[in-house]
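The structure appears right after this line, and notes come after that.
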Number of protein chains: 2
Amino acid sequence: MADIMEIPEARAFILHWGEMGSEWGVNRSVAQIHALLYLSDKPRHAEDICEKLGLARSNVSNGLKELQSYQIVRRVHMEGDRRDHFIADTDLWDMLMKITAERKRREIDPTIQLLGELAESLDKRDDVPAHVRERVGRMHDFIGNLANWYADVRRLPKSTLVTLMKLGGRVARLLPGSKA
Amino acid sequence: MADIMEIPEARAFILHWGEMGSEWGVNRSVAQIHALLYLSDKPRHAEDICEKLGLARSNVSNGLKELQSYQIVRRVHMEGDRRDHFIADTDLWDMLMKITAERKRREIDPTIQLLGELAESLDKRDDVPAHVRERVGRMHDFIGNLANWYADVRRLPKSTLVTLMKLGGRVARLLPGSKA
DNA sequence: TCTCTATTTCTGTAATTACAGAAATTCGGG
DNA sequence: CCCGAATTTCTGTAATTACAGAAATAGAGA
């Protein structure tokens, strides 16, 4: 079993990861490269990734750049080899946190910014229906609150997050004023 | 101000919502229709939506079907009008919950299912590298745990969720064994 | 039941996005 | 400083996805 791509389960994993990416707005090649690196225990260079996944060199180059911008893939240097090599996070908490943080930064934060401007602009006008003003404002507040919650919870240590996750809905029992 | 599309802020909101959809794997027209209905205080019929957004009738028909499958848009009957009319949720918590529930059902649950099968299949083989087996297994457990946590928390009453959100990272202080 | 209108489904096309290969650039080693 | 390998950027093409218009169906009212 010299090659990971000869393991049918690994192939299935990589292909599915690619499809998942597509469904969530991540380019398929990028997700596949990530999946391959996640399953690898040794750093791989770009040419190697091309060969395993059957992608063009340029594609892999761009994909690696994208994954590095999410900070879930890292470049490492291999002794006596000029080529860059790459490895992926294997800690899935870290991975999730980095992905969500980056997507927030890229997509959510600008949305909040825009909604804030629209809400402000609507507040200055008296010729727009009240329900329009109100709904834009409520959307702004809602997404803003979610984002603040996220930014806040994100700072907690991983162990605390794991505890909270195990707790699930029972976290409600800890709230002041809840019975038991 | 007879027409909502004459309010520049409303247009900007709808266009941005469409772009956001694209970035998260939701077709732009679908997201725009949703945004229009969210900003409307009266039910709208399909032809009306076509006209406001400049979309083809078929597109609007499919978009409405999609939004109804998420349960965030509802068909209502208007007295003395044969045409179907549509309204959107205005409660943003409800909306978020319905969207996440549906995406979990469509994309996450099948992924967990597949990962479970792959992990099981790998466990039966002795000719695959241990790290491959381990990493597929860990991914399965991780996503499974997240999904269970979500399903559990989702059942809490909205008011509890709001409380938890306001609490943010301070929720950690309520955990047994934390100081203060 | 028939007719007229609303709605959905189907099909071809347009637009977008992803991709491969080529060209240009960067960078390490001698 | 020059050579050669590695990498990135650029550009045209392929594949996918979204869309418009036409055709088919469903359904209310007479």
Side-chain angles (χ1 to χ4, degrees), chain A residues 14-37 43-70 73-87 103 106-107, chain B residues 14-37 43-70 73-87 103 106-107:
Chain A
I14 291 168
L15 291 186
H16 185 84
W17 209 238
E19 295 312 311
M20 278 287 281
S22 300
E23 285 170 339
W24 291 87
V26 176
N27 160 325
R28 186 187 296 115
S29 307
V30 171
Q32 285 186 0
I33 295 168
H34 177 242
L36 172 63
L37 291 174
R44 291 183 185 277
H45 56 83
E47 202 68 51
D48 182 13
I49 297 172
C50 292
E51 187 230 317
K52 300 291 181 231
L53 298 178
L55 298 175
R57 187 65 185 72
S58 55
N59 229 336
V60 171
S61 178
N62 288 324
L64 288 169
K65 190 162 68 172
E66 175 76 348
L67 289 166
Q68 284 174 283
S69 77
Y70 273 97
V73 160
R74 211 167 77 243
R75 215 175 57 189
V76 297
H77 188 76
M78 301 291 281
E79 183 95 26
D81 193 334
R82 277 173 57 176
R83 294 170 296 187
D84 291 334
H85 287 62
F86 300 89
I87 55 176
R103 294 207 73 158
R106 292 188 191 181
E107 296 145 20
Chain B
I14 291 167
L15 291 185
H16 185 85
W17 210 239
E19 294 311 312
M20 277 287 280
S22 300
E23 286 171 336
W24 290 87
V26 176
N27 158 328
R28 187 188 293 115
S29 306
V30 171
Q32 285 186 359
I33 295 168
H34 177 243
L36 172 63
L37 291 174
R44 291 182 185 277
H45 55 84
E47 202 68 51
D48 182 13
I49 298 172
C50 292
E51 187 230 317
K52 300 291 181 232
L53 299 179
L55 298 175
R57 186 66 183 71
S58 54
N59 229 335
V60 171
S61 178
N62 288 325
L64 288 169
K65 191 161 68 170
E66 174 78 348
L67 289 166
Q68 285 174 283
S69 77
Y70 274 98
V73 160
R74 210 167 77 242
R75 216 175 54 188
V76 296
H77 188 74
M78 301 293 279
E79 185 94 24
D81 193 333
R82 278 173 56 178
R83 294 170 297 189
D84 291 335
H85 287 63
F86 299 89
I87 55 175
R103 294 208 73 159
R106 292 189 192 181
E107 296 144 20

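All values derive from a computational prediction rather than experimental measurement. So you know, we letter chains A, B, ... as the sequences are listed, proteins then strands, and number each from 1.
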Here the gap from Tyr70(A) atom OH to His34(A) atom NE2, rounded to the nearest 0.5 Å, amounts to 11.0 Å
Bend of the helix from dT1(C)-dA30(D) to dG30(C)-dC1(D) from end-axis comparison, five pairs per end, nearest 10°, comes to 30°
d(Glu19(A) CD, Glu107(B) CD) to nearest 0.5 Å is 11.5 Å
From CG of Asp84(A) across to P of dT25(C) the rounded distance in Å is 20 Å
Paired with Glu47(B), the salt bridge (charged side-chain N to carboxylate O under 4.0 Å, His left out) test is passed by just one of Arg82(B), Arg57(B), Lys52(B), namely Arg57(B)
Within residues 24-34 of chain B, those residues having any heavy atom closer than 4.0 Å to DNA chain C are none
Between CE of Met78(A) and C1' of dA5(D) the distance, given in whole Å, is 18 Å
Using a cut-off of strictly less than 4.0 Å, decide whether Lys65(B) has a side-chain nitrogen or oxygen near OP1 or OP2 of dT7(C).
no
In whole angstroms, the gap separating C1' of dC19(C) from CG of Leu53(A) amounts to 14 Å
Whole-Å distance, Glu23(A) CD to dT17(D) P, equals 10 Å
Nearest-nucleotide check on DNA chain C, Ser22(B) vs His85(B); residue mapping nearer the 5' end is His85(B)
Start with the C-alpha gap between Gln32(A) and Ser29(A), add the side-chain angles, then the distance that decides, and say whether side-chain contact (heavy atoms from CB on, under 4.5 Å) holds. CA-CA 5 Å; Gln32(A) 285 186 0; Ser29(A) 307; 5.6 Å; no
Rounded to the nearest 0.5 angstrom, the CZ-CG distance for Arg74(B) and Leu64(B) is 14.0 Å
Report yes if the side chains of Leu55(A) and Ile33(A) come closer than 4.5 Å at any heavy-atom pair, otherwise no. yes
### Task
Would you indicate whether the side-chain heavy atoms of Leu67(B) and Val30(B) approach each other to under 4.5 Å?
yes
Interatomic distance, CZ@Arg28(B) vs CD1@Ile14(B), rounded to 0.5 Å, equals 14.0 Å
Protein heavy-atom contacts under 4.0 Å, written 5' to 3' over nucleotides 21-30 of chain D as B (base), S (sugar-phosphate only) or - (none), form the string B-----BB--
Heavy-atom nearest pair, Cys50(A) first then Val60(A), reads SG-CG2, 3.7 Å
Whole-Å distance, Arg83(A) CZ to dG4(D) C1', equals 14 Å
Taken to the nearest whole Å, CD/Glu66(B) to C1'/dC19(D) is 15 Å
Here the distance between atom P of dT7(C) and atom CG of Leu64(B), to the nearest Å, is 10 Å
Is it the case that atom CZ in Arg75(B) sees more than 12 heavy atoms from other parts of the structure closer than 6.0 Å? no
message = Heavy atoms only, 4.0 Å cut-off, all strands: where does Gly54(B) land among base, sugar-phosphate and nothing?
response = sugar-phosphate
Step by step, work out the side-chain contact (heavy atoms from CB on, under 4.5 Å) result for Leu36(B) and Arg44(B).
-> CA-CA 9 Å; Leu36(B) 172 63; Arg44(B) 291 182 185 277; 4.0 Å; yes
Taken to the nearest whole Å, CG/Asp81(B) to P/dC4(C) is 19 Å
